[in-house]
Amino acid sequence: MLKTNIKTVTAFAPATSANLGVGFDIMGLALDAVGDKVTLTRRDDGQIVIDKINSPTGLPLEPNKNTASFALTKMCESLNITCGFSIQIDKGIAMGSGMGGSAASAAAAVVAMNAFLETPVSKEKLVEYALYGEEIASGGKHADNVAPCIFGGITLIRSSQDPVEVINLPHPDLECVIIHPHLQVETKSARGILKPEVSMKLYIEQSAQLAATIASLYRNDIELLRRSMQDLIIEPQRAQLVTGYFDVKKAALNAGAITATLSGSGPSLIAFATNKDEALKVRDAMVNAFSTHNIEADSWISPINPNGAYCL
Ligand code: HSE
């Protein structure tokens with residue numbers, strides 16, 4: 001049942017960084033830097049219509065191709081909500097940046113919808129609905145952007161369906177440095193180039209890095225984090241999509257970053273530093289390294305956002 005006194009709700013959903021080097025499709029974190037806003041206005045004709053998208057890049061207006069409207073449609077179907085909604089999307093996250101743009105729009109839509117409900121659904125359910133949007137955007141129901149986007153913090157996704165199970169992980173105080181080079185990498189194609197199989201040797205080595213990374217977060221152990229956040233499987237395959245990738249990563253590490261890796265499927269990189277001063281040095285080094293390849297880059301320094309998406 002919908003609350004009768006609410007006509008319009010706006011929700012904000014933050015940018016996120018998926019994978020974190022060791023947790024392909026199962027780990028991600030929420031950022032404080034930028035995000036998307038979605039405004040839902042109730043209609044009476046049963047239609048779900050995208051009224052307006054404020055975005056520097058073109059996005060689909062067809063409701064079954066847009067992540068926000070598709071996730072909202074699935075949520076309404078599942079809850080038997082038939083009134084219809086008009087949608088306005090204000091994109092703060094560049095599409096194809098590796099900062100969870102498609103997930104943020106879907107998450108903001110379902111979080112806004114939840115505010116209309118007399119009995120709101122759980123965050124796990126919201127992840128389930130938002131994942132429909134992620135599926136049309138990237139071809140896979142990976143929750144490593146939508147889960148941190150909705151839960152906040154660093155999340156581990158034990159299961160992304162039937163039922164969704166998300167575990168919020170503790171973490172040391174970290175500054176995230178996000179560098180977005182002006183290159184476009186489509187998640188769908190970045191997934192398409194990955195080999196479908198992993199050798200037993202790599203499986204063992206990568207499991208050890210993932211387990212040690214999680215232990216480092218629980219133990220607040222920066223040195224263990226430094227040693228263990230190593231991507232042995234995905235980075236070697238995707239680095240070719242980002243011109244200068246290894247130079248930029250090396251520049252980050254030389255400037256004192258704890259670690260640096262692809263943010264989601266790229267082209268952005270995420271690096272971690274223990275404080276703001278170090279983060280500034282890391283950021284400058286990474287931006288300079290891209291510029292030696294004649295690539296401009298935007299950058300953000302952000303703590304991990306503990307709250308995730310919320311209604312304004
Ligand atoms: N885990 C996904 C991938 C995240 O790397 O393809 C995409 O943002």
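The chain is numbered in sequence order, starting from 1. Counting starts at 1 for both ligands and their atoms, in listed order.
Using bins of under 30°, 30° to 60° and over 60° for the plane-to-plane angle, the ring pair H180/W300 lands in the parallel bin.
The proximity of N145 to ligand 1, defined as any non-hydrogen pair under 4.0 Å, is limited to the side chain. No part of M27 comes within 4.0 Å of ligand 1, judged by heavy-atom distances.
Rounded to the nearest 0.5 angstrom, I167 CD1 and I26 CD1 are separated by 9.5 Å. Distance CD/Q88 to OG1/T8: 10.5 Å, rounded to 0.5 Å.
Of all atoms in ligand 1, numbered sequentially from 1 with element shown, those under 4.0 Å from a heavy atom of H142 are 2 (C), 4 (C), 7 (C). Within ligand 1, counting atoms from 1 as listed, the ones closer than 4.0 Å to a heavy atom of N19 are 1 (N), 2 (C), 3 (C), 5 (O). Interface atoms of ligand 1 facing D25, defined by a heavy-atom separation under 4.0 Å, are 1 (N), 2 (C), 3 (C). Residue T187 has at least one heavy-atom neighbour below 4.0 Å for each of these atoms of ligand 1: 6 (O), 7 (C).
A cation-pi arrangement is absent between K250 and Y245 under the rule of less than 6.0 angstrom and at most 45 degrees off the ring axis.
Of the N or O atoms in D144, one or more lie within a sub-3.5 Å distance of an N or O in ligand 1.
Side-chain atoms of E134 and T67 form no donor-acceptor pair, as typed in the model, at a separation below 3.5 Å.
Side-chain contact between Q206 and F24: absent, with no pair of heavy atoms (C-beta onward) separated by less than 4.5 Å.
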